[in-house]
Amino acid sequence: MIKNSPQDWPEPIVRVQSLSETCKDSIPERYIKPPIDRPLIISSDADANIPIIELGALYGDDPDARASTLEQISEACNEWGFFQVVNHGISPELMDMARETWRQFFHLPMEVKQKYANSPKTYEGYGSRLGIEKGAILDWSDYYYLHHLPLSLKDYNKWPSLPPSCREVFDEYGRELVKLCGRLMKVMSINLGLEEDYLQNAFGGEDIGACLRVNFYPKCPKPELTLGLSSHSDPGGMTLLLPDDQVHGLQVRRGDNWITVKPAPHAFVVNIGDQIQVLSNAIYKSVEHRVIVNPNKERVSLAFFYNPKSDIPIEPAKELVEPDRPALYTAMTFDEYRLFVRLRGPRGKYQVESLKTPK
């Protein structure tokens, strides 16, 4: 196990947004995926969509409606690993403001954005690649990565000062999403047959990690040859994605097909991360997903990651281990686990599968 991330990237960083502005009918070879990984190789089901769940009943007084909502979430976690939530308690105005504020950031002059360039050490800041493998095939995207929790990692110097509202908006947005994640964690604990605070406590109680990755997918002249984000499952606990409401791009693996998610108005896309797969002893599974790009339109999405405290060993809940269902995973801290992604980049379900105990 490598204990530390490197200080710098193995090659000079090229901003994909700059490539998008100069590439008219081709893309550099290092963004061209192998044929098997290209987005049109595996057909997608044009009519399918991940479940859309109304959360209002969770906050109401009707026990039957609440039980129905719990069941819908249980089915979505078991069968899909992904679902959308509406009527979730976060204002549409805040959601729109968060997305558009970040869109404005990516359209600032390059010299302004470059002040926040990141490194493999923490990934915090303005970035254009994951993983440190020299010569790797890269994704067609730029991003901005920020810590929200714990407070010891929250460094406003790493947050953009422009647009002027950026820091204030993300502070409010982060606080509201932490609350929503906490409510969903209780629901998942109950549905697994655990005490309602089990998952939250396993994550560290109030001392959890939370971070934001803002994804910017520029226009691409050859979208059939590349991906905005390669296939992967999320290494953390749970993800809330605010998708672009105008341009679809997120695809979720469903068997041998890729389902293009059609976002409901002002919905969040929720997905199970690898840490909950481990804690649930694979009753709930993280699911591979990827992002396709568009030849005519850019895309902006905000992925909010709700993670365990970095130094707590994560292993299957003892209540979910039975003689006929032994613990499937060895314990590992999230700090150790996320190094897989930081060093190797997105690689399907490789990370979590590598944790399985030998039979």
Side-chain angles (χ1 to χ4, degrees), residues 47-99 149 172-206 208 210 234 236-243 245 250 252 254 259 261-273 275-277 279-287 302-308 317 319-320:
D47 297 323
N49 198 13
I50 62 174
I52 300 172
I53 300 174
E54 152 77 53
L55 292 189
L58 292 180
Y59 319 123
D61 299 324
D62 184 338
D64 292 336
R66 175 177 166 80
S68 175
T69 302
L70 290 174
E71 178 61 26
Q72 290 175 57
I73 294 173
S74 178
E75 289 180 6
C77 289
N78 277 291
E79 297 176 14
W80 283 87
F82 268 82
F83 54 99
Q84 298 187 63
V85 293
V86 295
N87 198 9
H88 40 62
I90 297 175
S91 78
E93 293 78 16
L94 178 59
M95 297 170 72
D96 291 343
M97 191 183 307
R99 184 174 49 230
L149 290 174
E172 182 181 357
Y173 184 78
R175 286 194 300 271
E176 291 300 313
L177 264 66
V178 165
K179 294 176 189 175
L180 176 55
C181 287
R183 291 192 286 266
L184 290 170
M185 291 279 278
K186 288 186 177 182
V187 169
M188 291 179 188
S189 291
I190 292 167
N191 284 339
L192 287 167
L194 303 168
E195 295 291 327
E196 70 169 28
D197 291 328
Y198 184 92
L199 290 178
Q200 188 69 50
N201 290 336
F203 271 37
E206 296 299 314
I208 53 93
D234 287 350
M238 176 169 55
T239 304
L240 294 187
L241 179 77
L242 176 59
D245 57 356
L250 174 64
V252 173
R254 181 77 164 164
I259 306 300
V261 174
K262 304 165 190 66
H266 292 111
F268 284 105
V269 177
V270 182
N271 66 279
I272 301 296
Q275 305 303 303
I276 286 182
Q277 175 169 326
L279 282 163
S280 72
N281 207 25
I283 294 173
Y284 291 167
K285 294 182 177 66
S286 59
V287 171
L302 280 65
F304 189 82
F305 303 110
Y306 194 80
N307 298 327
E319 294 86 343
L320 303 178

**Request:** For side chain to side chain contact (heavy atoms under 4.5 Å, CB included), just list the numbers for Ile283 and Leu320, CA-CA rounded to whole Å, side-chain angles, deciding distance to a tenth of an Å, and then say yes or no.
**Result:** CA-CA 9 Å; Ile283 294 173; Leu320 303 178; 4.1 Å; yes
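- For the atom pair Leu192 CG and Leu279 CG, the distance stands at 9.5 Å (nearest 0.5 Å).
- Without hydrogens or angle criteria, Asn78 side chain to Tyr284 main chain gives no donor-acceptor distance under 3.5 Å.
- Between Leu184 atom CG and Leu180 atom CG the span is 4.5 Å, to the nearest 0.5 Å.
- Considering only residues two or more places apart in sequence or on other chains, Arg99 meets the side-chain hydrogen bond (donor to acceptor under 3.5 Å, both in side chains) condition with Asp96, Asp245.
- Using a distance-only test at 3.5 Å, with no hydrogens or angles considered, a donor-acceptor pair links the side chain of Asn49 to the main chain of Lys262.
- Asn271 is linked by a side-chain hydrogen bond (donor to acceptor under 3.5 Å, both in side chains) to Asp234, counting only residues two or more places apart in sequence or in another chain.
- Legend: side-chain hydrogen bond (donor to acceptor under 3.5 Å, both in side chains) pairs involving residues 176-185, not counting sequence neighbours, sorted by first then second residue: Tyr59-Arg183, Glu176-Lys179.
- In this structure, the side chains of Leu70 and Val187 come closer than 4.5 Å at one or more pairs of heavy atoms.
- Ser280 places a side-chain N or O within 3.5 Å of a backbone atom of Ile276 that can act as its donor or acceptor partner.
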**Asked** Would Asn307 and Gln275 satisfy side chain to side chain contact (heavy atoms under 4.5 Å, CB included), going step by step from the backbone distance to the final call?
**Response** CA-CA 8 Å; Asn307 298 327; Gln275 305 303 303; 5.8 Å; no
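- Between Phe305 and Met238 there is no side-chain heavy-atom pair separated by less than 4.5 Å.
- Atoms OG and CE, from Ser91 and Met97 in turn, are 7.5 Å apart once rounded to the nearest 0.5 Å.
- Side-chain contact between Leu149 and Tyr306 is absent, with no heavy atoms from C-beta onward closer than 4.5 Å.
- With hydrogens and angles ignored, the 3.5 Å screen pairs no side-chain donor or acceptor of Gln200 with any backbone N or O of Met185.
- With hydrogens and angles ignored, the 3.5 Å screen pairs no side-chain donor or acceptor of Asn87 with any backbone N or O of Leu55.
- The two atoms that bring Ile53 and Ala76 nearest to each other are CD1-CB, 4.1 Å, heavy atoms only.
- For Glu195 (side chain) and Asp197 (main-chain N/O), no donor-acceptor pair under 3.5 Å exists by modelled atom type.
- In this structure, the side chains of Arg66 and Leu58 come closer than 4.5 Å at one or more pairs of heavy atoms.
- Across all non-hydrogen atoms, the minimal contact from Val287 to Gly81 is CG2-CA, 3.9 Å.
- To the nearest 0.5 Å, atoms CD (Gln84) and CG (Leu240) are separated by 12.0 Å.
- The environment of CD in Glu206 is sparse: at most 12 heavy-atom neighbours from other residues, nucleotides or ligands sit within 6.0 Å.
- Here the NZ-CG distance, from Lys186 to Asn191, works out to 14.0 Å after rounding to the nearest 0.5 Å.
- Although no hydrogens or angles enter the test, the distance criterion places no donor-acceptor pair under 3.5 Å between the side chain of Lys285 and the main chain of Cys77.
- Smallest separation of non-hydrogen atoms from Leu242 and Ala267: CD1-O, 4.3 Å.
- Residues Ile73 and Phe83 meet the side-chain proximity criterion, which asks for heavy atoms closer than 4.5 Å.
- Note on ring orientation: taking the six-membered ring where Trp is involved, the planes of Tyr173 and Phe268 are tilted (angle from 30° to 60°).
- The two residues Pro243 and Leu241 make their nearest non-hydrogen contact at CD-O, 3.2 Å.
- Annotation: side chain of Leu250 is in contact with side chain of Val269 (closest heavy-atom distance under 4.5 Å).
- Using modelled atom types, one finds no donor on one side chain facing an acceptor on the other under 3.5 Å when comparing Glu196 with Ser189.
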**From CA spacing to verdict: side chain to side chain contact (heavy atoms under 4.5 Å, CB included), Met188, Ile272** = CA-CA 10 Å; Met188 291 179 188; Ile272 301 296; 3.6 Å; yes
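- In this structure, CD1 on Ile208 lies 7.5 Å from SG on Cys181, to the nearest 0.5 angstrom.
- In this structure, the side chains of Gln72 and Pro51 stay at 4.5 Å or more apart for every pair of heavy atoms.
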